[in-house]
Amino acid sequence: MVPETEQPLALECAAHLRAAFVAYNDAFREITRRAKARFERRQWAEGRRDSVERIDLYDRCVARSVREVEQLLGCDLHDRALWGRAKAVFVELIRDLPDPEFARTYYSSVTRRIFQTVGIDGAVEFVGDENVPMVNVDEPVAYRNYVNEGCLDVVLHRVLSNLEWSIDYEDLDSSAARVATELAEHYRNEQDGDSVLCIDVMAAVFYRDTRAYVLGRVMGWTRTTPLVIVLKNTDQGIAIDAVLQGDGGVAHLFGFARSYFHVDLESVGAAIVFLKRLMPRRPVNELFTVLGRAKQGKTERYRNFATHLRRSRDRFIFAPGNKGMVMVVFTLPSFDLVFKVIRDRFAPPKQTTRDDVMARYDLVFKHDKAGRLVDTQEFRMLKFHRDRFSPDVLEELLAATANTTRLEGDHVVIGHAYLERRLRPLNLYLQEVSAESARRAVVDYGAAIRDLATSNIFPGDLLPKNFGVSYHGRVIFYDYDELCLLGDCNFRRLPAPRTHEDEMSAEPWFYVGEHDVFPEEFGAFLGLNPEQKQLFLDHHGDLLVPETWQAIQARIRDGEILDVLPY
């Protein structure tokens with residue numbers, strides 16, 4: 001209950017922010033609920049616009065709340081005592097919400113903008129244990145239980161029938177039989193003597209791009225395993241596209257290089273508890289993020305990092321790899337994040353600007369990541385004790401990012417940074433691993449370039465130093481300084497030299513436009529040894545001719561949706 005003695009202005013402020021959060025959350029869910037109809041009607045372009053709209057929604061709503069609170073409080077806007085009282089009232093007002101940590105994060109976003117908070121200010125925002133996620137999860141996520149009474153085909157027929165589409169299956173009986181066969185085969189292969197006893201399936205369907213995903217778990221006598229049924233909408237109706245089982249297959253769907261799902265959940269926390277049982281190694285912050293709750297994922301990621309910082313003693317060092325011309329990149333060895341701070345000036349031949357770089361990171365944030373772009377989160381006004389920095393990193397930050405980084409007493413304040421998962425740079429990885437692992441990485445390197453093109457992204461700089469390798473061995477692009485949309489490029493063949501002087505010239509003798517790209521030159525810049533280069537050419541030699549890129553451009557320009565599937 002709110003104390004009767006509470007000041008009316010603090011109460012009004014808290015009530016206003018609660019209402020603003022509820023309005024935001026309702027709008028978020030309304031956009032999310034469109035995904036089912038988009039899937040049924042095959043409105044893929046509209047679905048992608050929904051994704052961007054949902055991402056933009058948070059900042060738009062917070063900005064509106066700041067303006068409204070400014071009008072409400074007037075000259076009392078920066079009264080810290082008033083905000084402290086409003087915070088206490090707000091806690092009481094949101095107790096009935098299913099995911100109250102979302103509301104607390106929203107409140108903190110508003111106060112940080114009003115007070116331009118440096119570091120963390122527990123007096124006016126929710127920090128640490130005040131914002132632990134999933135504290136209100138006292139009910140399990142909504143799911144249906146299906147008992148195997150002797151025929152798996154019947155069980156899976158019931159599972160698929162209960163999804164209640166507005167269109168028919170292509171062939172419901174054969175779809176159920178296919179899933180049942182794969183499920184039974186998996187159990188026989190994995191552990192002799194075991195069998196499927198029952199299946200739990202989440203009531204909410206997950207949507208992303210052109211596919212729908214039904215998530216569940218299969219229980220046998222001795223173990224429980226994840227199950228994902230992937231559905232596609234064909235001209236003949238809904239059909240099974242894939243059946244994913246085991247930790248690895250499911251975890252790839254929720255990776256940090258994937259775009260966000262659209263799934264309407266009454267309690268996100270309850271869903272994460274369910275998902276965490278399926279993927280125990282997947283961090284909670286990444287689950288929040290991939291479910292579309294990017295701001296909460298960001299909050300949880302930083303909370304985990306701040307906790308680790310208090311319990312550790314190592315210092316920030318430069319991240320392994322080549323020194324960046326655009327970013328100062330550093331990491332804490334004991335924590336798998338990298339921090340990227342934009343330099344004040346870029347050395348030649350870089351011609352980009354700070355605004356250009358930030359626009360590219362924003363593009364990636366809202367674009368289809370295709371499993372090949374690491375998800376990056378933007379942070380402002382970070383504050384660390386200077387003792388946590390190695391001397392060379394601190395010197396570089398103060399010298400090269402003086403417009404962003406400053407000292408305040410014993411602390412370092414970083415006005416703007418990007419945080420992302422740490423990957424092993426591909427150029428280093430190829431030198432360190434076995435020949436077989438290196439061969440797999442080289443082939444996947446080419447696949448990554450192709451996947452990015454299919455998703456309408458051209459990396460700009462294809463050197464291996466700009467790609468990283470995840471702990472699953474997957475090659476992922478992480479340097480966005482020169483990234484652009486594929487449609488903005490003009491892929492050309494190199495003109496044949498007219499004279500011997502043309503052939504020997506160190507500079508192009510022909511006109512090169514700002515957006516011209518010459519794929520025939522890629523081979524010289526891959527940075528691979530002769531054996532690796534030949535392997536790349538054997539698998540991806542077509543990437544070195546402009547017609548390959550032009551063909552992809554034409555398909556995208558014609559409105560074709562080119563899927564890059566996570567399985």
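Along the sequence shown, residues are numbered consecutively beginning with 1.
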Charged N-O contact under 4.0 Å between Glu521 and Arg492: no
Check ion pair Arg211-Asp563 (N to O, under 4.0 angstrom): yes
Non-hydrogen side-chain atoms of Phe346 and Asp481 separated by less than 4.5 Å: no
Ring-face cation of Lys369 near Tyr260 (centre distance under 6.0 Å, axis angle within 45°): yes
Beyond-backbone contact of Tyr429 with Leu423, side-chain heavy atoms, under 4.5 angstrom: no
Note, Val250 side chain near Leu227 side chain (heavy atom, < 4.5 Å): no
Test item: Val341 and Leu397 side chains (from C-beta on) under 4.5 Å apart, heavy atoms: yes
Those residues that, when tested against His515, pass ring-ring contact (aromatic ring centres under 6.0 Å, His included) (two or more places apart): none
Side-chain donor or acceptor of Glu182 paired with backbone N/O of Gln245 under 3.5 Å: no
Donor-acceptor pair, side chain of Thr454 and main chain of Leu562, under 3.5 angstrom: no
Parallel, tilted or perpendicular, as decided by the 30° and 60° cut-offs, for the rings of Phe339 and Phe330: parallel
CD1-NZ distance between Ile414 and Lys383, expressed to the nearest 0.5 angstrom: 12.5 Å
Contact check, side chains of Gln377 and Phe379, non-hydrogen atoms, under 4.5 Å: yes
Non-hydrogen side-chain atoms of Ile229 and Ile240 separated by less than 4.5 Å: yes
Glu395 atom CD: more than 12 heavy-atom contacts under 6.0 Å: no
Criterion side-chain hydrogen bond (donor to acceptor under 3.5 Å, both in side chains) on Arg178 and Ser175, from CA distance to verdict: CA-CA 5 Å; Arg178 175 186 169 182; Ser175 294; over 6 Å; no
Contacts of Arg345 that satisfy side-chain contact (heavy atoms from CB on, under 4.5 Å) - sequence neighbours left out: none
Main-chain N/O of Ala402 paired with Asp344 side-chain donor or acceptor, under 3.5 Å: yes
Side-chain heavy atoms of Leu373 within contact of Leu483, under 4.5 Å: yes
Under the side-chain contact (heavy atoms from CB on, under 4.5 Å) test, residues paired with Asp336 that sit two or more places apart: Arg421, Arg422
Pairing of Glu482 and Lys350 as salt bridge, 4.0 angstrom limit: yes
Greater than 12 external heavy atoms within 6.0 Å of Glu432's CD: yes
Any Phe389 side-chain heavy atom under 4.5 Å of Val412 side chain: yes
Where Leu426 and Ala441 come nearest, the two heavy atoms and their spacing: CD1-CB, 4.1 Å
CD/Glu436: more than 12 non-hydrogen atoms of other groups inside 6.0 Å: yes
Non-neighbouring partners of Gln550 that pass side-chain contact (heavy atoms from CB on, under 4.5 Å), sequence neighbours left out: Phe491, Pro546, Glu547, Gln553
From Asp488, Asp368, Leu485, residue fulfilling side chain to side chain contact (heavy atoms under 4.5 Å, CB included) relative to Asn456: Leu485
Under the ring-ring contact (aromatic ring centres under 6.0 Å, His included) test, residues paired with Tyr361 that sit two or more places apart: Tyr418, Tyr480
Residues in salt bridge (charged side-chain N to carboxylate O under 4.0 Å, His left out) contact with Arg38, at least two apart in sequence or another chain: Asp50
Residues Asp356, Thr353; criterion side-chain hydrogen bond (donor to acceptor under 3.5 Å, both in side chains); working and verdict: CA-CA 5 Å; Asp356 291 337; Thr353 67; 3.1 Å; yes
ring-ring contact (aromatic ring centres under 6.0 Å, His included) involving Tyr213 - partner list, sequence neighbours excluded: Phe261
Partner residues of Asp444 under the salt bridge (charged side-chain N to carboxylate O under 4.0 Å, His left out) criterion, sequence neighbours left out: Arg372
Partners passing salt bridge (charged side-chain N to carboxylate O under 4.0 Å, His left out) against Lys232 (at least two apart in sequence or in another chain): Asp241
For Asp314, all residues meeting salt bridge (charged side-chain N to carboxylate O under 4.0 Å, His left out), sequence neighbours excluded: Arg388
Under the side-chain contact (heavy atoms from CB on, under 4.5 Å) test, residues paired with Arg313 that sit two or more places apart: none
Residues that Phe318 engages under ring-ring contact (aromatic ring centres under 6.0 Å, His included), provided they are two or more places apart: none
Side-chain donor/acceptor of Arg208 to backbone N/O of Ser259, under 3.5 Å: yes
